[in-house]
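What follows is one structure encoded as structure tokens, with my remarks underneath.
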Amino acid sequence: ERRGVAGDGRCRVSRRRMEQAGDALEEVLSKALSQRSLTLGVYEAAKLLNVDPDNVVLCLLAAEEEEAGDAALQIHFTLLRAFCCENDINILRVSNPARLAQLLLPAAGPDPPADLHCVLVTNPQASQWKDPALSQLMCFCRESRYLDQWVPVINLPER
């Protein structure tokens, strides 16, 4: 475990903080869902990023292991990562897409109808987004970049 102050002095790199990022992401998604500030799907995300990238605070990419060989999906992910890096949008890779589906589409059953390969969290009102969970995720993303992990993988906790 590496401990110490990273970069700007506000973020400490520790295993515990990285484990807590999953809980923070779940909280951010819950709030964003209730505030209708989520964009679901690769195509819808690309449309929003093209029109209003300054309003996007977080991009999540998620794919099942068997989708790793899907060339079209991987090209979409590469383009989304590049766009997010170019526009200073924090980006995370979700390691358990099934849990993401449970959180975002609880009533959809086992086969959710929506494309959840890409999920954007937008900023509905700046004052509402000054919350500890989002701050913790932003810090996690900064810590990861300091360690040259530009698209850190995060695991949503099972409940």
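- Annotation: side chain of Gln20 is not in contact with side chain of Phe140 (no heavy-atom distance under 4.5 Å).
- Val56 is not listed as a side-chain neighbour of Val121, based on a closest heavy-atom distance of 4.5 Å or more.
- Between Leu80 and Cys118, the shortest heavy-atom contact is CD1-SG, 3.8 Å.
- Around atom CD of Glu66, more than 12 heavy atoms belonging to other residues, nucleotides or ligands sit under 6.0 Å away.
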Evaluation steps, side-chain contact (heavy atoms from CB on, under 4.5 Å), between Leu100 and Leu29 = CA-CA 9 Å; Leu100 181 65; Leu29 289 173; 3.6 Å; yes
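- At least one donor-acceptor pair closer than 3.5 Å links the side chain of Asp115 to the backbone N or O of His117.
- A distance-only check finds no donor-acceptor pair linking the side chain of Glu44 to the backbone of Gly41 [under 3.5 Å].
- For the pair Asn87 (side chain) and Ile89 (backbone), a donor-acceptor distance under 3.5 Å is absent.
- Contact check for Arg93 versus Phe77: side-chain heavy atoms found under the 4.5 Å cut-off.
- Test Ile91, Leu79, Leu61, Asn90 against Cys84 for side chain to side chain contact (heavy atoms under 4.5 Å, CB included) and you get one pass: Ile91.
- The line from CZ of Arg36 to OG1 of Thr122 is 12.5 Å long, rounded to the nearest 0.5 Å.
- A donor atom on one side chain and an acceptor atom on the other are not found under 3.5 Å apart for Asn123 and Asn55.
- Judged by distance alone, with hydrogens and angles left aside, the side-chain atoms of Asp52 form no donor-acceptor pair with the main-chain N or O of Leu48 at under 3.5 Å.
- A donor-acceptor contact shorter than 3.5 Å links the side chain of Asp70 to the backbone of Leu73.
- Counting heavy atoms of neighbouring residues, nucleotides and ligands inside a 6.0 Å radius, atom CD of Glu158 exceeds 12 of them.
- Residues Leu120 and Leu49 are in side-chain contact: their nearest non-hydrogen atoms beyond the backbone lie under 4.5 Å apart.
- For the pair Val94 and Leu116, the minimum side-chain heavy-atom distance is 4.5 Å or more.
- One hydrophobic cluster, built from ILVMFWY side chains closer than 4.5 Å, holds both Leu33 and Leu156.
- Under the 4.5 Å side-chain criterion, counting only non-hydrogen atoms from C-beta, Leu25 is in contact with Leu58.
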Going through the checks in order, is the side-chain contact (heavy atoms from CB on, under 4.5 Å) test met by Leu92 and Cys59?
-> CA-CA 6 Å; Leu92 295 168; Cys59 175; over 6 Å; no
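- Heavy atoms only, all atoms of each residue included: Asn155 and Ser95 are closest at OD1-OG, 3.0 Å.
- With a 4.5 Å cut-off on side-chain heavy atoms, Glu67 and Gln74 do not count as touching.
- Residues Gln136 and Ala24 share a closest heavy-atom pair of OE1-CB, 3.6 Å.
- In the hydrophobic clustering of this structure, Val28 groups with Val57; members are Ile, Leu, Val, Met, Phe, Trp, Tyr whose side-chain heavy atoms approach within less than 4.5 Å, directly or through other members.
- In this structure the side chain of Pro157 reaches within 4.5 angstrom of the side chain of Glu26, judged on heavy atoms.
- When hydrophobic clusters are built by joining Ile, Leu, Val, Met, Phe, Trp and Tyr residues whose side-chain heavy atoms come closer than 4.5 Å, directly or via intermediates, Leu104 is not grouped with Val42.
- Between Ile154 and Gly22, the closest heavy-atom pair is CD1-N, 3.7 Å.
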